Amino acid sequence: MSQVPSDATPATGGQRINRRNLLVATGVAATAAVTLPLVGRALRMRAAAFVARNQRYDGPIEETIRDGLIATGFDPATIHGKRVLLKPNLVEPTRSCPQMTTHPAVVVAAAEVFRRWGAQVIVGEGPGHMRDTEMALVESGMEDALDRSGLAFADLNYSQIGWTPNGGRASALKGFYFPQQVVEADLIVSLPKMKTHHWVGYTASLKNLYGVIPGIKYGWPKNVLHYNGIPQTIYDINASLPKSVAIVDGILAMEGDGPIMGSPKPMGLLVVGTNLTAVDATVGRIMGFDPAEVEYLKLARNRLGPVDEDCIEQRGERWQGLVNPFQGLDLPHLRPLRAIGERVT
Amino acid sequence: MEPASEVIARLAACQTFGYHADAPNASEPVALSALALLEADQQPRAVELLDWLLARQNSDGSLGIDADNATPGWPTGWAVVAWHAAQQGPVADVRYAQAIERAMTWVESIQGQILEHATELGHDTLIRGWPWVDGTHAWAEPTAMNLLALKHSGRDEHPRAREAVRLLHDRLLPSGGANYGNTVVFGQELRAHVQPTGLCLLALAGEADPSGRTQKSLAFLSAALNERTTTESLCYALLGLTAHHRTPVEATALLAASTERTLKRDPAAYKLALLALAAAGRKSPLIPQSREAAA
């Protein structure tokens, strides 16, 4: 299963499971009233999320990303000589709305981190709302940035495709057609924008991987996914992909009518981690959402990674001091997601 | 060599006809390349491609996206336009005529899923139109492609052609232009993009539009074009504008710059074919003639 980093093991009350703990737990099994909470906690996954504040696109974000990955358990030695696919969010770029898409500086900085670790890095995206991928690159400023950095780009909407069984099965889809570059990647780096989303509350690293789905097979928009349930297919895609890590561009974020029509919200944040679910839960808390109420995180919780606050080790800045609730549309399906933001602030 | 001649020479010399340089054949770029080569009197190469399309046709008349994927069948309309163009000249072949009939039977049978009670969406969700993938909602671009197939195959007045026109008019943004096919969501008008606007206007050539959205869309396209406009968007924009007799004066210069960029960065058959088809102006075999002539 994807997104399970080396340190994302099931835990009991903050401790990793080992044979001794397991035997102890088994010994106590005679008393159901005691064991049931233990078993429940044993099923909870743990991972870390790194938050950095005061970040700028012209600042040392390569260093931040490197520190964040190492702080959340990424071992640089494991990626030497391996294929890394960087996946920014370029859903529908336009120069008038830079808060919609991942800033090129974040993509280039991430590429440098993995290049210095000896990886073979490419950037790939299958924009969900426009067939002219070249236009998406130009409008986002990505083309110039990739040219300057000598980075190759893969148009995931039109690549050769291969079928992979659905590793999640929350939706009725039996499998996914993934682009060749995705299938062959040793590591996928989800590089989303921190944004509100008028259907699912907010979007970060898990939802961003909708963009690896090829439009040539699923359409523009990728309507096959919508018909099979947005939360369900977010979960299923992530459960079917190779190993992945997350680097969230929250320097200039989007609030309001996201993920396309929202307003800029300067946050100055980068959120990094080796477990996408843990990263997204942390991002949501900062945005003023209760991640436990977000449907795709309910599915991902303890299957792909932790959502509960006490299962996510905070590295870098503590999220509690960074909460800055994002404005969103006042819609019935979004109201239940808001509780924690109100409570914390 | 003139840019247009160089484009045709490079297209005719392509080893594969895909979306990107050296990518394998795919149905849409093969069909568009066949059209461009026919227009340039490169019949032998065009026939190779027309026959490649024939070999891809499924028993139900549809064509999948490439040789390995028999579904979805959204490129079928492009194959119809290419085969129909072949029927107008020296390479006419009864096999193409039969393929058109089978393909149109499929095209006419495919409908998008309607959405009842979708109050958050600004468009008419009850018009069936055409989806990208069978079993999903109708969107602007596949509907435009199939409207072109209906028009080029002489079915301008077919009820499904009229339905397609109704859908495309409905999916043009109130302020002009089009995107993939959503107009207003949760009360907010979405952004227009050049490529889908051009394709929709190309398919809507000769259609009266009392709503005024077509005129606004033409104005959007005219204002949107500049030296940053990429090849695919530029070519569809020029085709859409030309189909409405609004070819911009800077069209030749924009095409020349785009040709240079394409040859340098990604000389894919798909882009070369679009450049050739846009450069053909009013003679472009993509522009439907029959209804406009009547109008």
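What you are looking at is a predicted structure, and each value in this text was computed from that prediction instead of being measured. Lettering follows sequence order; numbering is per chain, from 1. Any value given below was found using the heavy atoms of this structure, including those in side chains, with hydrogens, waters and symmetry copies removed.
- Contact check on B:Arg265 versus A:Asp147 returns a salt bridge, with a Lys/Arg side-chain nitrogen under 4.0 Å from an Asp/Glu carboxylate oxygen.
- The number of heavy atoms from other shown groups lying within 6.0 Å of CD (A:Gln327) does not exceed 12.
- Contact annotation for B:Leu115: only side-chain heavy atoms (C-beta onward) come within less than 4.5 Å of a heavy atom of chain A.
- Under the 30°/60° scheme for interplanar angles, the aromatic rings of B:His20 and A:Tyr158 are found to stand perpendicular.
- Ring orientation note: the planes of A:Trp199 and B:Phe186 are tilted relative to one another, at an angle of 30° to 60°.
- The pair A:Glu143-B:Arg228 does not meet the salt-bridge criterion, since no charged nitrogen lies less than 4.0 angstrom from a carboxylate oxygen.
- Of the possible donor and acceptor atoms, none in the side chain of A:Arg131 sits under 3.5 Å from a partner among the backbone N and O of B:Pro196.
- Proximity to chain B (any heavy atom under 4.5 Å) is restricted, for A:Met130, to the side chain, taken from C-beta onward.
- Per-residue counts of heavy-atom pairs under 4.5 Å with chain B were compared for A:Leu329, A:Asp132, A:Asn157, A:Thr94; the largest is that of A:Asp132.
- Looking at every heavy atom in both residues, A:Ile216 comes nearest to B:Trp74 through O-NE1, 3.1 Å.
- Side chain of A:Lys217 to main chain of B:Asn69: no donor-acceptor pair is present (N/O by atom type, distance under 3.5 Å, no hydrogens or angles).
- If you tally non-hydrogen atom pairs under 4.5 Å between each of B:Glu189, B:Glu141, B:Gln195, B:Arg191 and chain A, the highest count goes to B:Arg191.
- The two residues B:His137 and A:Tyr227 come nearest to each other via the heavy atoms N-OH, 3.2 Å.
- Only the side chain of A:Leu331 has a heavy atom closer than 4.5 Å to any heavy atom of chain B.
- Among all heavy-atom pairs drawn from B:His193 and A:Pro93, the shortest one is CE1-O, 4.1 Å.
- Aromatic rings from B:Trp132 and A:Trp220 are positioned such that their centres are separated by under 6.0 Å.
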